[in-house]
Amino acid sequence: MSWEEKVRKADPYVAGEQPKDPTFIKLNTNECPYPPAPGVSRALARLAGEREYARNRLYPDMDAAKLVDALAAKYGVEPEQIFVGVGSDDVLAMSFLTFFTNGSPVLFPDITYSFYDVWASLFRIPYVKVPLSEDFAIDPEDYLPSGQLSSFLPAGTEAGGIIFPNPNAPTGLAMPADQVERIIEANRDCVVIVDEAYVDFGADSVLPLTQKYDNLLVVQTFSKSRAMAGARIGFAVGSRKLIQYLKNVKFSFNSYTMNMEAIEIGTAAVEDDAYFRKITARIIRTRENFKRELRAMGFTFPDSRTNFVFAKPPADRMSAREMFGRLRGKHILVRYFDKPRIDGYLRITIGTDEQMDAVVQAMKEILA
Ligand code: PMP
């Protein structure tokens with residue numbers, strides 16, 4: 001056998017384009033258009049001072065205790081209930097490895113964050129994609145053993161785990177907390193992960209339910225609502241037992257993942273709750289205005305509770321693919337997925353009011 005036959009072949013996740021040209025209006029990777037909290041800038045200035053800078057010769061605190069304590073205080077849980085990582089992608093990857101490599105199939109929606117099947121394939125986890133309803137909603141019945149769950153599972157198997165984002169991506173639709181709880185309550189024999197990457201833009205968080213269900217893991221990120229995609233910080237909240245299992249795998253993989261700067265600036269961001277509330281409220285307001293403009297132009301879209309809108313151009317006028325290309329020609333980048341069921345839609349990140357005005361103007365010109 002050749003060495004190439006002995007190599008693991010992975011099919012990597014494809015991220016949105018990161019243009020080098022700064023004149024692009026970049027609305028394709030759900031970043032925040034505002035800077036991080038002012039405390040982050042102050043922390044960076046402090047870290048640039050000679051004494052602080054010299055700390056880089058040392059390994060960082062592998063428990064990231066400062067950041068964990070700040071998150072525990074903010075969310076009213078014990079520090080032992082928090083796990084932090086290099087973006088929520090890192091937290092999610094470790095979670096797949098810890099909770100889902102049990103041999104039984106993991107369930108997630110057919111239209112969802114496209115990293116889930118990448119991790120499942122990488123870790124050789126069997127998985128089942130549960131179709132969303134016609135209107136792109138997750139139907140909780142599909143995940144209940146007393147409902148449709150068994151119809152999705154191969155005969156004789158039970159669920160090895162469940163994961164879905166709430167709100168879902170790229171649809172933007174949120175499920176109310178009581179519906180999410182139905183899924184968790186009915187699946188006490190596997191770990192249920194709720195990926196709340198976008199929850200701060202107006203959806204219900206089930207983070208408080210981690211006190212009630214020891215098999216629930218809630219994952220969040222600093223990349224969207226805390227305007228820190230570049231710092232790579234994500235975290236998970238769960239029962240002490242669940243978090244301990246996750247840490248044991250993480251510390252069997254790579255102990256020192258979060259660097260000193262990330263720990264310090266992440267802490268500064270968590271401590272400024274007023275700024276966090278201000279920018280999330282602003283993005284929600286801009287989103288609702290943008291929805292009105294889209295509607296007026298004849299676009300249709302699920303009612304997003306995130307920092308993006310998943311919108312279908314007026315079908316008789318233009319395809320999503322063409323609109324994507326035409327916007328790109330005007331130096332406006334949005335996301336287009338060439339996949340069944342969603343190839344008629346564009347995922348458009350909510351930027352500043354000025355950026356959204358420019359998008360609306362460009363769309364009007366394109367449709368004229
Ligand atoms: N979950 C979902 C649903 C996402 O859309 C993203 C952003 N691509 C992530 C997790 C990961 O974000 P990050 O690694 O930046 O925290």
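We count ligands from 1, going down the list as the structure has it; atoms in each ligand are counted the same way.
- Residues lining ligand 1 at a heavy-atom distance below 4.0 Å are given as Gly87, Ser88, Asp89, Leu92, Tyr113, Asp195, Ala197, Tyr198, Thr221, Ser223, Lys224, Arg232, ordered by chain and residue number.
- Between Asp61 and Lys66, none of the side-chain N atoms (NZ, or NE/NH1/NH2) sits under 4.0 Å from a carboxylate O, so this pair counts as no salt bridge.
- Defined by atom type and a distance below 3.5 Å, a donor-acceptor pair is missing between the side-chain atoms of Asn168 and Tyr198.
- Side chain to side chain, Glu31 and Thr29 meet the donor-acceptor criterion of an N or O pair below 3.5 Å.
- If you check the side chains of Lys26 and Gln355, you find no donor sitting under 3.5 Å from an acceptor.
- Centroid-to-centroid, the aromatic rings of Phe164 and Tyr113 stay 6.0 Å apart or farther.
- No donor-acceptor contact under 3.5 angstrom links the side chains of Gln244 and Glu80, judged on distance only.
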